[in-house]
Amino acid sequence: MTLSMLLPMSAFALAASISPGPVNLVCLSSGTRYPIAQGLIFVTGATFGFIALFVAVGLGLYSLLSMVPALKEALTLAGVAFLLYLSFQLARDRGRLEERSSEKAPGFMSGVIMQWLNPKAWLAAASGIGAFTSGNDLEPILVFATVYLPICWLSLSSWVYAGAFLRRFVHRPIVMLTINRTMALLLAASCVYLLVD
């Protein structure tokens with residue numbers, strides 16, 4: 001693998017990881033609602049979940065889904081249901097930051113599962129594999145996954161830190177309530193897009 005190939009892989013990984021999506025919104029929300037360390041646990045789970053998905057897609061999982069449309073549709077519906085659940089949780093939040101001590105932040109396994117139910121992750125994995133690897137050759141897939149891992153982790157972490165930065169300005173419940181409802185609306189809108197696409 002040459003440097004001329006690693007640079008475009010890195011650019012692709014950065015663009016796919018840092019652009020807004022359901023996982024990024026959860027990272028942002030975690031940063032505003034919980035200590036940074038708890039948000040980074042979710043980030044780590046989401047990163048490893050994506051890398052596992054990426055390698056699985058590279059080894060032919062996406063082809064299997066193309067051959068079994070019902071399985072692909074079931075995965076889409078499960079993803080939409082999960083995103084709607086997260087949207088509902090955000091929408092019903094009252095915006096009081098001081099009450100967070102009793103609530104549990106999304107953890108490592110939530111991050112892993114969310115990536116497997118995240119249509120954006122499937123699209124990023126399939127398009128990255130298609131653009132930078134050929135067939136089921138394991139070596140370039142693993143090289144790309146190794147490049148992707150730190151970029152994905154740092155990109156998602158930046159959303160947690162952005163949320164932590166915003167936290168300084170959201171001490172009033174009405175501001176936090178507005179942010180939560182806006183993120184809930186964006187998550188729900190992404191579900192509508194997935195269902196009509």
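All values below come from the heavy atoms of this structure, side chains included, with hydrogens, waters and symmetry mates left out. Every value quoted in this text rests on a predicted model; they were computed, and no experiment measured them.
Every side-chain contact (heavy atoms from CB on, under 4.5 Å) that F165 has, sequence neighbours left out, goes to R168, F169. For S158, the side-chain hydrogen bond (donor to acceptor under 3.5 Å, both in side chains) test picks out no residue, with sequence neighbours left out. Under the side-chain contact (heavy atoms from CB on, under 4.5 Å) criterion, A145 pairs with I51, F54, V55, not counting sequence neighbours. Under the rule for a side-chain contact (heavy atoms from CB on, under 4.5 Å), the partners of L166 that lie at least two apart in sequence or sit in another chain are L28, T32. The side-chain contact (heavy atoms from CB on, under 4.5 Å) check on S10 picks up V147, I151, with sequence neighbours excluded.
Here the CG atom belonging to L59 is positioned 5.0 Å from the CD1 atom belonging to I141, to the nearest 0.5 angstrom. Taken to the nearest 0.5 Å, the CG atom of L138 stands 10.5 Å off from the OG1 atom of T133. If you take CZ on F144 and CE on M5, they are separated by 8.0 Å, rounding to the nearest 0.5 Å. Interatomic distance, L14 CG to M9 CE, rounded to the nearest 0.5 Å: 15.0 Å. Rounding to the nearest 0.5 angstrom, the gap separating the CD1 atom in I113 from the CZ atom in F108 is 10.5 Å. The structure places NZ of K104 at 9.5 Å from CD of Q38, a figure rounded to the nearest 0.5 Å.
Around atom OH of Y161, no more than 12 heavy atoms belonging to other residues, nucleotides or ligands sit under 6.0 Å away.
Shown here for L156 and A46, the closest heavy-atom pair between the two residues is CD1-CB, 3.8 Å. The two residues W159 and C27 come nearest to each other via the heavy atoms CB-CB, 3.7 Å. G39 and S30 make their closest contact through CA-CB, 4.1 Å (heavy atoms, listed as atom of the first residue, atom of the second, distance).
A tilted orientation is assigned to the rings of Y148 and F50, their planes being inclined by 30° to 60°.
When hydrophobic clusters are built by joining Ile, Leu, Val, Met, Phe, Trp and Tyr residues whose side-chain heavy atoms come closer than 4.5 Å, directly or via intermediates, L154 is grouped together with V43.
Without hydrogens or angle criteria, W122 side chain to W116 main chain gives a donor-acceptor distance under 3.5 Å.
Side-chain contact between Y34 and F42 is absent, with no heavy atoms from C-beta onward closer than 4.5 Å.
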Counting only pairs under 3.5 Å, give me each side-chain donor-acceptor contact of residues 16-24, with atom names and distances, residues two or more places apart or in other chains.
from	atom 1	to	atom 2	distance (Å)
S17	OG	A13	O	2.7
S19	OG	A15	O	3.0
S19	OG	A16	O	3.4
S19	OG	K120	NZ	3.3
N24	OD1	G21	N	3.3
N24	OD1	K120	NZ	3.3
N24	ND2	S17	O	2.9
N24	ND2	S19	O	3.4

